[in-house]
Amino acid sequence: FLLVLLTGIFSNIHPFLAVTSPIQADALIVEGWLEDASLKTAVSEFNKQNYQYLITAGVEIPRGAYLSPQTSFAELSAATLRAMGFPSNRLIVVSAQNVERDRTYTSAVAVKDWLDKTKTPIKAVNVFSSGTHARRSWILFQKAFGSQIQVGIIAADDPEYDDVHWWKSSAGVKKVMTEAVSYLYAQVFNSVN
C-alpha cells in the first residue's frame, strides 16, 4: 500500500505543482524573476490571446542593484521584454518592496493595489509562472485578488530540466522537492489571511 501511495505521489507531484489552467483574461501577469526563455514563451502566449496588457510583477532585486538601472525583478523583466521588441504601450511594470518571505504574495498585492489605484478595468488575469512554482503563485494571486478579479495560471516549462523526467536531474529533484515543501508551507503556515 505504501509503495502504491508513494508511486502515485511521485508520478503526480510535478503535474500538480506545474499546473496550467488559463482563463479568458484581460491581462497576462508575468513573474519578474523568470528566465529569458520563459519570457519569450510569455510573449508568445500574449500574442496568441486577446490580452490588453502584459504586467510584470516582482520585488526589489536583492543583489546587484547598485550595478543595474533596474531595481526590481519587475523592472528587469520589463527591460528584457522591451529588448525582445515587446511594445512599451502594452507593458505595465509593478514593483513591490523586498520582503524576507511571502515575495510572491507581496508582488500580487502590489499588482492588486496598482489596479485599484489606477482603476484599470481588468476583471480577469492569467499569471505566467515557471514550472513547479505555478500552483503556489496561483493560490497566492487568488488570495491577493479576492473575488474581484478571476485568476488563471500558466506554467512555462522550466528550462533547467525535462518536466517529464524531472527526477533524472538534480535541478528537477531540487525544484520539485523545494516547491512541494513551499506549497505546504503556503497552505499551512503562510501569514496571508
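Not measured: the values here are computed from a predicted model.
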If Ile, Leu, Val, Met, Phe, Trp and Tyr residues are connected whenever their side-chain heavy atoms lie under 4.5 Å apart, and connections chain through other members, are [X] and [Y] in the same group?
X: V176; Y: I139; answer: yes
X: V30; Y: F86; answer: yes
X: V94; Y: V43; answer: no
X: I153; Y: Y51; answer: no
X: L115; Y: V109; answer: no

Where do I149 and K123 land on the side-chain contact (heavy atoms from CB on, under 4.5 Å) test, with the steps shown first? CA-CA 5 Å; I149 297 174; K123 300 290 183 218; 6.0 Å; no
Is the charged tip of R90 near the ring of F46: under 6.0 Å from the six-membered ring centre and within 45° of its axis?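 The answer is no; the distance or angle limit is not met.
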Testing the basics here: between [X] and [Y], what is the closest heavy-atom pair and its distance to 0.1 Å?
X: V111; Y: F145; answer: CG1-CZ, 3.8 Å
X: R103; Y: V59; answer: O-CG1, 3.9 Å
X: I29; Y: A57; answer: CG2-CB, 4.2 Å
X: A134; Y: V19; answer: CB-O, 3.6 Å

When rounded to the nearest 0.5 angstrom, what is the spacing between [atom1] in [X] and [atom2] in [Y]?
X: S129; Y: I154; atom1: OG; atom2: CD1; answer: 10.5 Å
X: R135; Y: L17; atom1: CZ; atom2: CG; answer: 7.5 Å
X: M84; Y: T80; atom1: CE; atom2: OG1; answer: 6.0 Å
X: N47; Y: N50; atom1: CG; atom2: CG; answer: 11.5 Å
X: L54; Y: L91; atom1: CG; atom2: CG; answer: 6.0 Å
X: Q150; Y: D26; atom1: CD; atom2: CG; answer: 9.5 Å

Please step through side-chain contact (heavy atoms from CB on, under 4.5 Å) for the pair F141 and T104, ending with a clear verdict. CA-CA 8 Å; F141 271 85; T104 300; 4.1 Å; yes
Reference residue E31; test side chain to side chain donor-acceptor pair (under 3.5 Å); the match among S38, S107, S137: S137
Taking the six-membered ring for Trp, are H133 and Y183 closer than 6.0 Å centroid to centroid? no
Report yes or no: does W166 contribute a side-chain atom to a donor-acceptor pair with the main-chain N or O of Y161 at less than 3.5 Å?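 Between the backbone of Y161 and the side chain of W166 there is no qualifying donor-acceptor contact (under 3.5 Å).
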Expected output: side-chain N126 to main-chain L28 donor-acceptor under 3.5 Å: no
Under the side chain to side chain donor-acceptor pair (under 3.5 Å) rule, collect the residues that match up with T118, sequence neighbours excluded.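 Partners of T118 by the side chain to side chain donor-acceptor pair (under 3.5 Å) criterion, ordered by chain and then number, come out as T120.
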Listed partners of D162 passing side chain to side chain donor-acceptor pair (under 3.5 Å), at least two apart: H165
Is there a side-chain contact between M177 and V181, using heavy atoms and a 4.5 Å cut-off?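 Result no, sub-4.5 Å side-chain heavy-atom pair not found.
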Under a 4.0 Å N-O cut-off, is there an ion pair linking K40 with D36?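 So K40 does not pair with D36 through a salt bridge.
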I'd like to know whether W138 forms a side-chain contact (heavy atoms from CB on, under 4.5 Å) with V127, so could you lay out the CA-CA distance, the side-chain angles of the two residues, the decisive distance to 0.1 Å, and finally the verdict. CA-CA 7 Å; W138 193 20; V127 176; over 6 Å; no
In chain order, what residues pass the side chain to side chain contact (heavy atoms under 4.5 Å, CB included) check against [X], with sequence neighbours excluded?
X: A27; answer: Y53, I55, I122, V125
X: V93; answer: T56, A74, E75, A78, R82, S95
X: E160; answer: E35, D158, A171, K175

Should S77 and L39 be marked as a side-chain contact (heavy atoms from CB on, under 4.5 Å) after you check the CA-CA gap, both sets of side-chain angles, and the distance that decides it? CA-CA 8 Å; S77 62; L39 292 176; 4.1 Å; yes
Applying salt bridge (charged side-chain N to carboxylate O under 4.0 Å, His left out), can you list everything that pairs with R136, at least two apart in sequence or on another chain? E179
Answer yes or no: does atom CD of Q52 have more than 12 heavy-atom neighbours from other residues, nucleotides or ligands under 6.0 Å?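 More than 12 within 6.0 Å, yes.
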